[in-house]
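The residues of the chain are indexed from 1 along the displayed sequence. For clarity, every value in this text was computed on a predicted model and none was experimentally measured.
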Amino acid sequence: MNKTIAWRSFSKWLWEKGYSKQSKNGNPSTTYDYPSRIDRIRERENLSSLDELGEHILEIIEKYGENGSESEYGNQSNGSNLKALKLFLEFYKKFDTGETL
């Protein structure tokens, strides 16, 4: 997986919001897992970048949401894919409006 500047920025933003870097047993946790999930969804959607995913994030959230065509994938791991998308939306809005991250 190519850890782009956008991937790293999202990971850092999650950490600054209080999400963990490591689980209790020392494995990578949310700040690594959610950006990785977002990148896998980007690949599934045949999008070239996280910027492009951000431009279509509302439609993608709907697609992976409860009644969407990809809801089964969105709900994997107790809904972690959908949770990651919703947090990416929050991150992207701040980035898109020019707020300091």
Side-chain angles (χ1 to χ4, degrees):
M1 174 177 308
N2 183 13
K3 294 185 177 110
T4 63
I5 291 171
W7 190 101
R8 291 171 198 243
S9 295
F10 183 44
S11 179
K12 180 181 179 208
W13 179 82
L14 289 167
W15 181 75
E16 289 171 351
K17 286 188 63 70
Y19 290 91
S20 59
K21 288 185 177 183
Q22 290 185 328
S23 64
K24 291 178 183 177
N25 61 2
N27 291 325
S29 193
T30 307
T31 60
Y32 179 86
D33 182 54
Y34 278 19
S36 298
R37 288 177 184 279
I38 290 298
D39 205 41
R40 284 191 296 276
I41 291 169
R42 178 198 58 77
E43 289 174 354
R44 283 175 61 95
E45 294 296 316
N46 295 313
L47 301 171
S48 62
S49 67
L50 291 180
D51 286 337
E52 189 177 5
L53 184 134
E55 292 169 11
H56 301 282
I57 191 68
L58 292 175
E59 302 98 71
I60 293 170
I61 287 173
E62 186 174 326
K63 184 177 181 178
Y64 287 81
E66 186 177 335
N67 297 313
S69 61
E70 295 290 334
S71 62
E72 189 173 315
Y73 189 83
N75 198 39
Q76 285 181 359
S77 300
N78 294 316
S80 290
N81 289 327
L82 186 57
K83 290 173 192 170
L85 283 168
K86 289 178 178 180
L87 281 168
F88 188 77
L89 169 61
E90 187 179 336
F91 166 78
Y92 188 78
K93 281 182 179 178
K94 290 188 180 298
F95 180 81
D96 197 41
T97 60
E99 286 187 44
T100 304
L101 297 174

Grab the two heavy atoms, one from Tyr73 and one from Asn81, that are nearest each other, plus how far apart they are. O-ND2, 2.7 Å
For the NZ atom of Lys12 and the NZ atom of Lys17, what is their distance to the nearest 0.5 Å? 14.5 Å
With sequence neighbours excluded, tell me which residues meet side chain to side chain contact (heavy atoms under 4.5 Å, CB included) with Ser77. Arg37, Ser80
Working to the nearest 0.5 angstrom, can you tell me the gap between Ser29 OG and Trp15 CH2? 14.0 Å
Run the side chain to side chain contact (heavy atoms under 4.5 Å, CB included) test against Asn25 and tell me which residues pass, sequence neighbours left out. Ser23, Asn27
What distance separates Asp39 CG from Phe88 CZ, expressed to the nearest 0.5 Å? 9.5 Å
Under the salt bridge (charged side-chain N to carboxylate O under 4.0 Å, His left out) rule, what pairs show up with a residue in residues 72-85, not counting sequence neighbours? none
Rounded to the nearest 0.5 angstrom, the CH2-OH distance for Trp7 and Tyr32 is 5.5 Å
Could you measure the distance from the CD atom of Glu43 to the CD1 atom of Ile38? Nearest 0.5 Å is fine. 12.0 Å
Please tabulate, for side-chain N and O atoms in residues 49-65, each donor-acceptor pair with protein atoms closer than 3.5 Å (sequence neighbours left out).
unit_1 : atom_1 : unit_2 : atom_2 : d
Ser49  : OG     : Asp51  : N      : 3.4
Ser49  : OG     : Glu52  : N      : 3.0
Glu52  : OE1    : Ser48  : N      : 2.8
Glu52  : OE1    : Ser48  : OG     : 2.8
His56  : ND1    : Glu59  : OE1    : 3.3
Lys63  : NZ     : Glu45  : OE1    : 3.0
Lys63  : NZ     : Glu45  : OE2    : 3.1
Tyr64  : OH     : Arg44  : NE     : 3.4
Tyr64  : OH     : Glu45  : OE2    : 2.7

List in chain and number order the residues that pass salt bridge (Lys or Arg N to Asp or Glu O under 4.0 Å) with Lys86, two or more places apart in sequence or in another chain; answer none if no residue qualifies. none
List in chain and number order the residues that pass side chain to side chain donor-acceptor pair (under 3.5 Å) with Lys21, two or more places apart in sequence or in another chain; answer none if no residue qualifies. none
Does the plane of the ring in Trp13 sit parallel, tilted or perpendicular to the ring in Phe10? Use 30° and 60° as the thresholds. parallel
Only counting residues at least two apart or in another chain, list the ones meeting side chain to side chain contact (heavy atoms under 4.5 Å, CB included) with Thr30. Tyr19, Ser20, Tyr34
